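Taking it in order: structure first as structure tokens, then the write-up.
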Amino acid sequence: MITDVLAQALVNSFEVLEIELELDEIQMERPASRTHGDWSSNVALVRAKQMGHVPRELAETLVRSMQEARIELVDKMEVAGPGFINFFLSPKWLHQVMIDVLELGEAGYARSAIGEGKSVNLEFVSANPTGPLHAGGGRWGAYGDSLARIFRRCGYATTTEYYVNDRGIQTELFGASLMARREGRDIPDDGYAGEYVSEWADEMPPNADPIVWGLERALTEVRDALASMNVTFDLWASEKALVSSGAMDQVISRLRAEGWLVENDGALWLRTTEFGDEKDRVLVKSDGEPTYFVPDIAYHEQKFGRGDLVIDVLGADHHGYVPRMSAAMQMLGHPPEAYEAIIGQNVTLVREGKEIQLSKRTGTMVEVSELIEAVGPDVARFAYLLQSIDTRQTIDIDVLASQANENPVYYVQYAHARIASVGREAGKRGIERLPLMPHSLELLTHEREIEILRCLSTLPEIVELAARDRAPHRLATWIREMAAAFHGFYHDCPVLRSDLEKDLQQARLWLVEASRVGFAVSLDLLGIEAPEQM
RNA sequence: GCCCUCGUAGCUCAGGGGAUAGAGCAGUGGCCUCCGGAGCCAUGAGCGCAGGUUCGAAUCCUGCCGAGGGCGCCA
């Protein structure tokens with residue numbers, strides 16, 4: 001990597017000053033403005049004080065020493081501002097990036113090894129199977145699935161799962177609600193009032209067990225809706241199966257053996273305050289019934305068999321649950337960092353200018369499937385992924401639907417489709433892409449061409465950042481920039497025109513192919529289709 | 001009351017120690033001689049408030065204001 005070359009040069013020039021620095025102590029960053037070069041380092045600002053130097057003077061000394069040493073691909077160095085060292089590189093460094101992209105291709109470019117030898121288990125959505133998935137839940141689906149793809153690209157052995165709460169009070173209430181509707185009675189108190197309950201009740205075969213049938217009906221609905229958005233799971237983990245395996249008893253006796261249980265007021269408590277929880281939590285109620293927390297602990301314990309790092313993606317309304325689960329996992333011998341909860345902010349849905357409250361129980365809701373039907377799977381998924389999971393997201397269905405031709409996802413997909421179109425048109429005109437002549441890439445000097453290459457050069461670090469920060473939206477941001485770069489190139493730089501110099505044409509054909517790789521990789525990580533035509 | 005998020009352009013959001021804070025939408029004005037105009041180019045406007053740390057703060061810390069969420073022997 002070019003940054004290593006530059007950082008090494010800085011380390012070397014510090015050695016001249018008899019200062020030992022490690023390579024990773026040098027930060028290289030991309031200046032916000034082109035006028036500040038291609039790469040920049042702030043070492044002089046960081047180190048000057050402790051060395052008793054003035055930053056600018058230190059920077060100048062370093063630059064002088066690097067100039068004497070001559071660094072490959074560096075055209076110019078300068079000291080700027082308070083003491084930044086700016087590197088202006090020969091465009092060749094980007095041509096080298098392009099060769100990497102082409103050699104590594106779709107399968108290999110922007111693949112990182114930061115997760116090599118590590119495994120991660122990701123649980124997301126896990127909405128109760130008591131009705132269709134509402135449009136807020138779609139966010140966790142898009143997020144979790146893309147994050148899993150990013151983890152895999154970074155070398156993590158990744159498994160994904162959906163925890164199916166297929167036993168307990170909610171499922172019973174749901175079954176009872178179905179039965180009530182079926183028989184034309186009012187639903188029970190705290191039952192499910194949504195319209196879908198009546199519709200489903202009509203579908204229910206005469207002798208079906210409403211609980212069993214209802215669960216399957218809901219699960220199918222949820223599974224199909226997510227699948228239509230390209231969200232799938234490695235495992236649908238059944239709570240019922242877990243409980244009947246005896247896992248609850250096992251986990252309770254382990255916790256008892258470790259001394260984490262205490263009896264009080266006839267109930268059995270877990271001393272989660274020992275690990276920072278606000279209060280201890282009841283495991284077994286005074287009536288002898290275990291709380292939901294027990295199977296949850298058992299389930300999380302089981303997940304450690306599928307990943308060294310266990311991650312839950314939870315809605316903001318569940319954040320209070322994290323300290324107790326974290327406490328329980330530590331009691332079972334897992335280091336604190338082995339369990340991670342990602343708290344996502346909720347989605348506000350707007351239709352006809354009004355906020356829609358999302359509640360399965362009261363039935364005022366917008367289903368994921370409705371959203372997808374209204375705007376299409378790619379628009380929906382991209383909308384979910386466009387924003388940081390920390391941001392409360394407002395999705396205005398009318399705006400999304402009316403943006404039919406201006407939606408950001410089309411902007412991106414159109415770029416990919418244009419690439420395919422260039423290929424088709426080339427075929428018609430009998431223009432072939434000949435084996436890559438690395439030397440001819442030096443003809444790529446147009447600002448539009450360089451811009452594409454700059455974009456492509458950042459993709460590997462963007463993927464790593466997205467994994468490290470659990471932030472798929474960084475890919476969404478990147479791909480929009482990439483699309484802008486490509487559209488600009490397409491507008492200004494003809495590829496197939498007959499009067500184009502042949503070597504330049506070849507170089508551009510390869511640049512188009514490199515762009516395709518970038519789009520294909522990032523669209524795949526986002527889980528969005530890469531169309532050949534619109 | 002305590003705890004967790006979040007306040008950036010008219011709207012939806014990027015940017016999470018670095019130099020002049022970006023994009024889309026909406027507005028205005030341009031660009032069809034040849035690969036797809038779902039495109040390109042130009043243009044106005046912004047870091048909730050107040051302190052602090054730092055050579056440097058939209059970014060880190062504290063307080064206040066505002067928004068959402070959480071504080072059951074519910075799940």
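The sequence lines fix the lettering, A, B, ..., with proteins before strands; numbering per chain opens at 1. Because only heavy atoms are used, hydrogens play no part in the values below, and waters and symmetry mates are left out as well, while side chains stay in. Since the model is a prediction, treat every value here as computed from it, not as a measurement.
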Practice task
Salt-bridge test for A/Glu513 and A/Arg433: reply yes if a basic N is under 4.0 Å from a carboxylate O, no otherwise.
Solution key: yes
Problem - Salt bridge present between A/Arg448 and A/Glu451 (N-O < 4.0 angstrom) - result: no
Handout entry: Ring centres under 6.0 angstrom apart (A/Tyr414, A/His487)
Key = yes
Practice task
Considering only atom P, compute the distance from B/rG18 to B/rC11 and round it to an integer number of Å.
Solution key: 27 Å
Handout entry: Distance between P atoms of B/rC65 and B/rC49 (Å, rounded)
Key = 16 Å
Problem - Interatomic distance at C1', B/rC47 relative to B/rU59, whole Å - result: 10 Å
Exercise for the section: For B/rC41 versus B/rU54, give the span between their P atoms, rounded off to a whole number of Å. Expected result: 44 Å
Problem - C1' atoms of B/rA14 and B/rA23, separation to the nearest Å - result: 7 Å
Practice task
Kindly state each residue pair satisfying salt bridge (Lys or Arg N to Asp or Glu O under 4.0 Å) with at least one member in residues 280-295 of chain A, sequence neighbours excluded.
Solution key: A/Asp277-A/Arg281
Completion exercise
Testing B/rG18, B/rC35, B/rC73 for proximity to the side chain of A/Arg429, the answer is B/rC35
Exercise for the section: With C1' as the reference atom in both, quote the distance from B/rA75 to B/rG70 in angstrom, rounded to an integer. Expected result: 14 Å
Exercise for the section: Evaluate the side-chain proximity of A/Ile452 to A/Phe486: yes if any heavy-atom separation is below 4.5 Å, no if none is. Expected result: yes
Practice task
Would you classify A/Ala426 as touching base, sugar-phosphate or nothing, given that sugar-phosphate means primed atoms plus P, OP1 and OP2, and contacts are heavy atoms under 4.0 Å?
Solution key: nothing
Handout entry: Distance, C1' atom - from B/rA45 to B/rA9, rounded to whole angstrom
Key = 5 Å
Fill in the blank from the handout: Assert: residue with more 5' nearest nucleotide on RNA chain B, out of A/Arg480 and A/Thr291, is A/Arg480
Fill in the blank from the handout: Each base of RNA chain B marked ( ) or [ ] if paired in-strand (Watson-Crick or G-U under 3.5 Å), | if paired to another strand and . if unpaired gives (((((((..((((....[...)))).(((((.......)))))....(((((..]....))))))))))))....
Practice task
Indicate, with yes or no, if the rings of A/His300 and A/Tyr339 have centres closer together than 6.0 Å.
Solution key: yes
